[in-house]
Enquirer: 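So that we are looking at the same thing, I have put the structure below in structure tokens.
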Number of protein chains: 2
Amino acid sequence: MLDDRKAAVLRAVVREYIETAQPVGSAHVARTTDLGVSPATVRNEMAALEREGYLAQPHTSAGRVPTDLGYRFFVDQLTGPGALPAVQRQQVRDFFAKAHGELEQMLHDTSSLLSGLTSYAALVLAPPSERATVRSVQVVGLTDRAAMVVVVLSNGTIEKAMLELDADTGDERLAAASTHLSAHLGGTSLTDRTHMPATGDQRLDALVDTVVSAIGDPADREQNHVFVGGASRMAAAFDAVDTVRQVLAILEQQYVVVSLLREVIDHDTVQGIAVSIGTEHGLQSLAECSIVVAPYEIEGEPVGTVGVLGPTRMNYPQAMAAVAVVSERLGRTLSA
Amino acid sequence: MLDDRKAAVLRAVVREYIETAQPVGSAHVARTTDLGVSPATVRNEMAALEREGYLAQPHTSAGRVPTDLGYRFFVDQLTGPGALPAVQRQQVRDFFAKAHGELEQMLHDTSSLLSGLTSYAALVLAPPSERATVRSVQVVGLTDRAAMVVVVLSNGTIEKAMLELDADTGDERLAAASTHLSAHLGGTSLTDRTHMPATGDQRLDALVDTVVSAIGDPADREQNHVFVGGASRMAAAFDAVDTVRQVLAILEQQYVVVSLLREVIDHDTVQGIAVSIGTEHGLQSLAECSIVVAPYEIEGEPVGTVGVLGPTRMNYPQAMAAVAVVSERLGRTLSA
DNA sequence: TCTAGCACTCGGTATCATCGATTGCTAGAG
DNA sequence: CTCTAGCAATCGATGATACCGAGTGCTAGA
């Protein structure tokens with residue numbers, strides 16, 4: 001591993017580069033660290049760090065820039081997320097104090113909050129509906145041949161699906177189906193396939209079956225459950241307009257974002273925070289980005305994630321602090 | 001007004017500039033138009049057009065670039081939207097042939113479609129819920145003190161609101177409220193304040209009142225009803241990363257987008273298409289953008305709008321064609 | 001009224017020198 | 001053996017200079 005001094009030099013380079021986005025020279029490091037050593041010594045260390053893959057030189061006569069590995073070391077040696085400035089802590093507290101009501105609205109607002117705190121794009125993954133139990137199922141006729149199923153879940157979200165009907169399905173039958181379904185699915189999760197007892201009325205049973213299969217289809221359920229806030233801030237993080245375009249294109253694909261978050265959080269989470277740097281995740285177009293995510297918990301169970309997406313030279317301690325605080329408060333608010 | 005030749009020159013400059021994004025010189029215009037006229041003559045015309053405000057010169061020895069006024073003339077003299085290439089027309093047809101089911105999903109997909117057709121950002125405004133009538137109202141208890149009201153509307157959308165309850169409101173009372181509300185609000189629009197007859201049960205009446213005021217609040221209803229697709233394509237349209245940032249920031253503010261669309265469509269719609277060029281609308285940060293919108297109609301009534309947002313040098317005929325076709329097909333599909 | 005001709009303007013590009021930040025290396029000090 | 005001071009070398013950034021060429025405006029003549 002790296003000896004103390006190398007580590008200190010690397011730390012200094014990363015910190016400085018995060019702040020200025022300019023290659024960092026040996027003189028600067030010698031000045032800003034309190035190892036009383038000369039630039040020449042720092043140079044030797046930096047050369048070694050470059051050989052070992054932690055630093056890179058854009059060109060011969062420039063300073064050093066951290067590689068993904070360099071950032072990785074920097075992040076791993078952090079003892080924990082940084083501390084958020086008092087104003088920001090207060091801001092988070094105020095936000096969650098006022099937060100109330102609809103889950104989705106709240107998650108959406110949370111993504112704006114987090115993006116504001118970090119000035120990166122924020123990603124908030126909603127609790128999977130599998131974890132919530134059914135409170136009510138209702139089949140509502142819209143036209144002769146179309147109906148809508150609305151399922152209210154215990155976490156305050158709603159799943160809906162369209163349904164095609166036989167032409168002469170009466171309103172009473174829809175009402176009967178609603179009652180029957182509410183009675184038998186109530187308290188279960190949408191993923192459990194509870195067996196539906198027959199009602200004696202064949203056409204009713206057929207209707208009930210149609211409904212069950214319509215709402216059982218998890219295809220679109222995954223989709224609409226990620227909230228991306230402050231994507232425009234990615235534009236400020238890069239100066240190549242094409243990089244911006246690629247990143248935004250990714251953020252528009254909800255499915256990709258969801259799997260990305262999943263992948264990152266499954267990969268390596270320490271102290272409840274997972275960080276993916278540069279190419280560590282597979283997406284080519286996000287090679288210049290890092291991701292910081294933390295799960296949030298409802299009643300002790302991790303149910304969703306919040307995270308930020310920023311340039312690899314993001315301010316990791318600050319981002320980790322913001323993500324940690326927000327995930328914690330969000331979980332607490334949702335548990336109440 | 002402009003004589004024929006001036007108009008032809010202006011048209012040529014606009015067309016060329018839209019295609020190349022490079023200032024257009026007199027020689028080029030002389031070559032590409034079939035007025036058998038020399039560059040010198042074109043120069044005179046261009047100088048005149050500049051004096052009259054239709055063209056501008058980035059610097060003395062460059063070609064001319066259209067001003068907003070120039071684009072305006074160009075757009076106004078179009079006899080109608082262009083024709084979409086056959087592949088694209090087919091693409092639209094296929095899309096709406098497969099489209100089905102949920103309104104919101106469909107509008108969302110429509111925004112992707114339109115963005116794909118034009119390579120600009122697409123904006124789709126959902127029909128205002130005022131136009132739909134209530135099909136069902138249901139109050140579902142989530143916890144002791146919180147309930148959710150779910151209103152299913154005739155157009156297949158859902159409005160929901162959270163509700164605080166007195167501690168000991170029983171499930172039966174919630175059910176009674178649901179029935180009562182469905183019965184009396186069914187068929188009305190959410191904006192009509194129907195008078196609720198008393199039920200004889202004071203606490204039930206109080207609950208019903210609470211629900212009515214909760215769902216009557218149109219505050220958040222406006223919000224979530226605009227779909228922005230392909231925002232990332234704005235990055236390709238500009239080369240200043242800061243312009244991109246500003247535009248994206250606007251697109252993230254749903255409220256602003258909604259009012260913008262409203263404003264544009266109210267302002268000047270000809271042949272069902274409204275175009276706002278550059279600074280014609282008020283938003284400073286969209287000074288380099290133009291907007292093309294068209295209303296779509298359900299059963300002959302205009303209910304929402306589709307549009308695209310692109311750089312002022314967008315391909316107007318193509319964008320107008322795409323918007324026209326999509327709005328027409330969307331309306332037709334929703335009317336079915 | 002149009003056009004040919006021509007001088008002029010001015011941004012873009014290439015060339016070149018300079019500057020300065022930074023490095024790697026070497027020799028010597030601790 | 002480690003550190004440092006010194007020094008030559010590297011290379012991008014900056015700026016000056018010149019040149020080219022696209023494009024213009026103007027004038028004179030058809």
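Every chain is numbered from 1, with letters handed out A, B, ... down the list of sequences. Worth saying up front: this structure is predicted, and the values here are computed from it rather than measured.
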Enquirer: Please tell me which of the listed nucleotides, C:dC2, D:dT24, D:dG6, lies nearest to the side chain of B:Thr41?
Expert: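 Looking only at heavy atoms from C-beta outward on B:Thr41, the closest nucleotide is C:dC2.
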
Enquirer: When you get a sec, tell me which of C:dT23, C:dG11, D:dG25 is the closest nucleotide to the side chain of A:Ser26?
Expert: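 Shortest atom-to-atom distance from the side chain points to C:dT23.
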
Enquirer: Rounding to a whole Å, what distance do you find between B:Gln22:CD and D:dA22:P?
Expert: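 Spelled out: CD on B:Gln22 to P on D:dA22 is 13 Å.
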
Enquirer: Taking 4.0 Å as the cut-off, does a side-chain nitrogen or oxygen of B:Arg64 come that near to OP1 or OP2 on D:dG23?
Expert: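 Looking at the OP1 and OP2 atoms of D:dG23, neither is under 4.0 Å from any side-chain N or O of B:Arg64.
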
Enquirer: Considering only side-chain heavy atoms of B:Glu50, which listed nucleotide, D:dC11, D:dT4, D:dG25, is closest?
Expert: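 When the side chain of B:Glu50 is considered, D:dG25 is the closest of D:dC11, D:dT4, D:dG25.
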
Enquirer: Using a distance-only criterion (donor-acceptor N/O pair, under 3.5 Å, no hydrogens), is the base of D:dC11 paired with the side chain of A:Thr60?
Expert: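 There is none.
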
Enquirer: Can you identify which nucleotide, out of C:dG24, D:dC11, D:dG21, has its nearest atom closest to the A:Ser61 side chain?
Expert: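 Side chain of A:Ser61 sits closest to D:dC11.
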
Enquirer: Nearest-Å distance, CG (B:Leu55) to P (D:dG25)?
Expert: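 The answer, rounded to whole Å, is 11 Å.
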
Enquirer: Let me know the distance between CD of A:Glu45 and P of C:dT23, rounded to the nearest Å.
Expert: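 From A:Glu45 CD to C:dT23 P: 13 Å.
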
Enquirer: Describe, in one word, how the ring planes of A:Tyr54 and A:Phe73 are oriented to each other, choosing from parallel (under 30°), tilted (30 to 60°) and perpendicular (over 60°).
Expert: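 Rings of A:Tyr54 and A:Phe73: perpendicular, over 60°.
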
Enquirer: Can you tell me how far P of C:dT22 sits from CZ of A:Arg31, to the nearest Å?
Expert: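 Atom-to-atom, A:Arg31 to C:dT22, this comes out as 8 Å.
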
Enquirer: Test side-chain hydrogen bond (donor to acceptor under 3.5 Å, both in side chains) on A:Gln246 and A:Gln284 and set out the steps.
Expert: CA-CA 10 Å; A:Gln246 289 188 33; A:Gln284 192 50 48; over 6 Å; no

Enquirer: Roughly, in whole Å, what's the span from CG in A:Asp3 to P in D:dC3?
Expert: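 Checked: the CG to P distance equals 9 Å.
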
Enquirer: Between A:Gln57 (side chain only) and A:Thr60 (backbone N and O only), is there a donor and an acceptor less than 3.5 Å apart?
Expert: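 Flag set: sc A:Gln57 to bb A:Thr60 pair under 3.5 Å.
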
Enquirer: Given C:dT23, D:dT10, D:dT4, which nucleotide is nearest the side-chain atoms of A:Arg43?
Expert: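 Nearest nucleotide to the side chain: C:dT23.
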
Enquirer: Tell which nucleotide pairs with D:dT10, taking only Watson-Crick or G-U wobble pairs whose two distances are both under 3.5 angstrom.
Expert: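 Per the H-bond distance test, C:dA21.
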
Enquirer: Within this structure, what is the CD-to-P distance between B:Gln57 and D:dG23, rounded to whole angstrom?
Expert: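 It is 11 Å, rounded to the nearest whole Å.
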
Enquirer: Given atom CZ of A:Arg5 and atom P of D:dT2, what is their separation to the nearest angstrom?
Expert: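 Result: 10 Å.
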
Enquirer: Checking side-chain polar atoms at under 3.5 Å, does A:Gln22 have a donor or acceptor matched by the opposite partner on A:Glu16?
Expert: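 No, no side-chain donor-acceptor pair sits under 3.5 Å.
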
Enquirer: So which nucleotide from D:dT4, C:dA4, D:dG25 ends up closest to the side chain of A:Asn44?
Expert: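 Nearest to the side chain of A:Asn44 among the choices is D:dT4.
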
Enquirer: For A:Ala62, report the nucleic acid contact type (base, sugar-phosphate, nothing); a contact means any heavy atom under 4.0 Å.
Expert: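 It contacts sugar-phosphate atoms only.
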
Enquirer: Identify whether the distance between the nearest side-chain nitrogen and carboxylate oxygen of B:Glu280 and B:Arg72 falls below 4.0 Å.
Expert: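 A salt bridge is present here (some side-chain N lies under 4.0 Å from a carboxylate O).
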
Enquirer: Could you check which of C:dG24, C:dA4, C:dC10 has an atom nearest any side-chain atom of B:His59?
Expert: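 Nearest listed nucleotide: C:dC10.
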
